[in-house]
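A quick write-up on the structure given underneath.
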Amino acid sequence: MMIQAMAGAFALVQSADPAPVDGAEPPDPCRFGTYGPAADLIDTAPVEIDLEGLESFEGEVPTADIIDPCGLRFADLSGVWAFNGHQAVAYHDLRTGAFRMRFTHVAYDHPYFETWAIRFGYPVLDGVIGPEADALHVTFNSIYPPGVEQTCPDRYRHRVDYIAIALGYDDAGRAVLSGVRPRASIDAQCVETFIEFETDTIVRTGVEGVAP
Amino acid sequence: MSAHFRNRALIIAGLAVAVWVLSLFLRPGAEPAPDQDQATLLELLRAAEAEAAWPGLDVESAAAELETPEAAAAFLRSGVVLQDYAGRFADPNDVLLTRGGNGEDQAALLRALVEAMGYETRLREADWPAGPFDRRLQTERDRPAHHAVQAFLAIDPAAGEEEREAEARALVDQLRAEVDAAFTLLSEHADLAEPGVQTRPDRRILVEYRDGDDAWRALDPVFAEPAAGTRPVELAARSDVTARLDLITSDGARVPLGAARIDPSQELTLSFAPASGLADYFEGPPEPADAALWRPVFQQGGQAFAGQAFTPAGRPAIVPEVDDASSPAPVVNAAEIVDTDTGAWPEVTLTVRTDAPDNAPWRAAHIRLSENGAPVRARVAALPRPRRDVAVITDVSPSMTEQGRIFIAGQIGRALLARTPRPQLISAATAAGTPQLQSNRRMYFNTQMGVDAFETGLVIRAGDDLTAPIAQAARPGYGPIDVVVLTDGEVGDDQLERLNALRGGERRIYAVVPERQAARFAQAVDRVFIMPADEAAAAGVGQAIAAAAGGVLSISYVAEAGEPGAERALELSFEGGPAQASAAFTAPDGPAGEPRLELSLVRDGAVLGEPRTLVELGGPESGWALMAQHALLVSGGRVSEDAMLRAFYGQERWVHELGLESPGASPPPGPDFVLLTTAQQLTGLTEQGAGAPITGFALQGLLVTAAPSPDGGSLSVTRTLDLLSDGGLGASGGARAGLAVGSAEAAALGVESVNAALVRGARTTIDPRTPLPDGWPEAALRTLRGAQATLVAAPDGGAGWLIDPSGQVTVRLFEPAAKGARVTRIVAQFDTIRHRLGLAGAVASGLLSPYNVPGQSVGAVTAILDFDVRLFCASSVALGFLNEELEQGYTDEPDWIGYAEDKCAIDLDNTLGDFWQSFTTGVANGWLGDRLTDAAKAAGGPGVTHSQEVIINTEAGILITDLQSLAATAAALHERRPPPLPGRTAVLASESSSNAAQTAP
């Protein structure tokens, strides 16, 4: 089923901007640096999600948003990031805007490895983050549970587009890449059913901020 | 070196020199002059040379001439130019030859002179003056002998002086205008670097001596008044400069082919000689397949050093080509071709597994290989040998995240471990601030288990220490091991020193680093492999490293050209047994990578300037490119007027001595006049273009290349002048100086500079966000990949301005891969290029032309070509034998003279009888001790225009006014040169007439 969500705003960077104390000016969201013109593209395109069950979703359907108040898409986002507590390394090619984030070593007793055989070098994110805000897109490389490899091999590894992407800072001044993506299940007939919208908050931690 | 070898080298020197001398005699305008005063002129030339050489060319004679310490100090202040470079470089005798040195080398000379006079000495260090000071030599010498030569030649030194100066000033104005225009244009793209604070890189050192009253008296080699407030000091040890030649293979391996220390007072020449298949080479058409192996030959000071052989496709020759029929063929009952590598296409390498013993003495003669049913000439590329264990050390410091290098390293490691089967043991560790051992040395029966262990540590950690994990993973005492360090190389020099210290014994260290770090690491490890820019090429590097660890029999051959995609069937059999093996492969489009030869200058473990690609291998033109001759001069840039005058008159004197068969004729010592003046000119012009004096901090490395290439039915020779190191002028003088270096290089060759061409023409800008263009020269793409620099270039990428993040600018020429300037001139015209023999001769004849012989004098050069071809052939054949002897240590002397005579159609005993006799005598007398080949020396010849050069340097603040009339002196001396020897004249009469019909334009 396809749903076109056309309304609603989504601000992923709010967490970086705590509510102002009474009477005080809200902190500048770009106090840690501005790299280029801001981008604030809300409802730029219909959100197309080809999943069953989305009509029963009762919350607010996110719109296709690109939010980058501090122009971080102009910055070199290469470096060490934390994705769900795992160390990941991003390579941001400024010549092309190509952005790729990959896991470093995944512990062999961790479910990522034990269940999905995700190991060193797994490309968790792919996309393009460049000066053209409306061309910015990032994809999450998802994997269904192991049995699906047998029943639906074409969909076992699948890419999920983030429908909303925000670039900003956390309170410590670390770059944050946030994205909203739909999460789904798949049955034996390879029908994918919407479960929920999930937000990934990925922080550029540097080396010291991530437990290996 | 054996006496036998020495004699042979000297005889070869004689042959090479003979070629040069003959071409000098026979240039246009050098008709035999009926001058009855040749003997008088020779004496005048000797006197002029001696005048410029005063007080002497060695410490002992100079000390005797100078007599007192004060006179010695005064000589240094007035006769030795203060050069700008850090550390000790030249010995006292070197400084006497070049008449230039930094503060420390000048102090070393002064002390040597004073001690030779019998005084006790000690050294004191003083501060340099706080402000700028005049570096010009303060005394103008009277030169009666020089003027006597001019008077004899009826030259008025003042004639045309105004015109010459006006011409020179116009050139300087043009140079500055070029630099200004380029600077203004580039300012729109970046914040360009301004000149840095001009600080001296060397120490100011005074020499104190104890006089007869037991008092210490201070002498200053630079300033008239010794400084106060001095402190004790000792001279540091001298730091040599080494020229390194590396082969970069198509799979990214960096293989050292040879290295030679560069004498501070000599040019080093580098050429390439066929290392096998000489008969094919000389008889066949000029195709890369003619010579299966080539070898670099460094020559300096009468000595030749042959480097490791390589193939034209860009593979190292691991096993020397030996036609040793006496080795028994290994018995082979079973064989299998397990791998067919076409990465260096058209060279194909087969990996062969046989049941022959590991130590079998395989030779090419034992192997029979055919492609599509036609026999091909195979050679043994690698012998089976015991494998070594492997330790993989992966740098996981934060900088490894850049360009995704941690993942490229991971792929290399995986490929390496996958090709490291048991019984090799594997260990793995990671390098960061704290080392982490993933696996002790152990055998993995399951390859994946080894890979798992390797990957366990691949997590980015803080800190940088490459050496600590080596101690963990490759402890000594457990057998031979190859340590493979996968790193981006972003570590300090102390790390390299520690890496170097860990080599030796059972431990070899290989480094896999990005290209820009390769030359730096080559000083510290046993072998360098280049980390590719993407993961797709990583497996090939892992495979190359695994191959270096030893193992199986490899056979290679050069495949016939053909359609890409066509199936090729291989059949392999053996002389020593019934085994047969077959395989098939598909012909690729071309080589997988960009194999090339790269030259770098190294001092104290650091690369001077930038490495330079000398030859792009693997293509159809590589055989031609290997015919090039290269000359290298490392100097402090500026030299004195005396040094140039002495070199000039020494060369002229020698030519006259040879022509007059003067006993004891000997070439002048020290650097060639042309290279010396070119170095001087580049420094002066750079300062002119930059508009201010610049204090560099490093040695200048000057490379002159003469490269022949076919041009329809003609032969072109491209001369390239390239500064491998600008002496730090660009870095010290800011962006304007960087631009001026480019203009100076072009001006030295008399061609339009890249600056002018780019200002005038279309340009494109490639900044760190711009995708790399398709179809650009590989050298340009190599420069840009992974760099944060901006390139403002011609639309085809052939040349450009490279602006680094600090705003420094360098002028680059990418096609061919060289910075600097080049000029192509037709030096000989053939009705056909008959074979490579003719090519070799053309290079010799056309380029052996110092002193402004016009490069376009095609007719006369062509007239003598055929004769000189044969003579050059003879010396080349001899050189080939020399190479083989160096590598293989022959004890029996082959009849190389007979071979050369046969192959080169020359009768050395009769046709050249007179020359041969004279050179044989010369060898016996040691005449030729410091000259071996003149080809490369002369390559720098025609481009230097003396009148312009000297006046420009005057403008630059280096007064050498006496040289202003040297161009006229040189021209007049050409007219007065002695006639050729009788035997030579007769040969030329017939050769000229026979060639004239063939070479009419």
(request) Check the pair B:D452, A:R119 against side chain to side chain contact (heavy atoms under 4.5 Å, CB included), reporting the backbone distance first and the verdict last. (result) CA-CA 9 Å; B:D452 287 349; A:R119 58 188 307 149; 2.4 Å; yes

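- Between chain A and the options B:P398, B:G457, B:P768, the largest number of non-hydrogen pairs under 4.5 Å is found for B:P768.
- Taking 4.0 Å as the cut-off between side-chain N and carboxylate O, A:R95 and B:D767 do not count as a salt-bridged pair.
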(request) Check step by step if ring-ring contact (aromatic ring centres under 6.0 Å, His included) holds for B:F407 and A:Y91. (result) CA-CA 10 Å; B:F407 302 109; A:Y91 171 46; 9.6 Å; no

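- Distance check: A:R102 CZ to B:T401 OG1 gives 13.0 Å after rounding to the nearest 0.5 Å.
- The neighbour count for B:D534 CG, taken as heavy atoms of other residues, nucleotides or ligands under 6.0 Å away, is above 12.
- Between A:Y108 and B:T456 there is a side-chain heavy-atom pair separated by less than 4.5 Å.
- Rounding to the nearest 0.5 angstrom, the gap separating the NE2 atom in A:H105 from the CD1 atom in B:I460 is 13.0 Å.
- Using a 4.5 Å cut-off between heavy atoms, A:F74 contacts chain B through both its backbone and its side chain.
- Surrounding CD of A:E196 are more than 12 heavy atoms belonging to other residues, nucleotides or ligands, all under 6.0 Å away.
- Residue A:A107: no heavy atom, backbone or side chain, is found under 4.5 Å from chain B.
- Here the straight-line distance linking atom NE2 of A:H92 with atom CD of B:E402 works out to 14.0 Å at 0.5 Å rounding.
- No more than 12 heavy atoms of other residues, nucleotides or ligands sit less than 6.0 Å from atom CG of B:D774.
- Contact detail for B:R769 and A:R73: the closest heavy-atom pair is NH2-O, 4.0 Å.
- In this structure, B:R461 CZ and A:T104 OG1 are separated by 10.5 Å, a value rounded to the nearest 0.5 Å.
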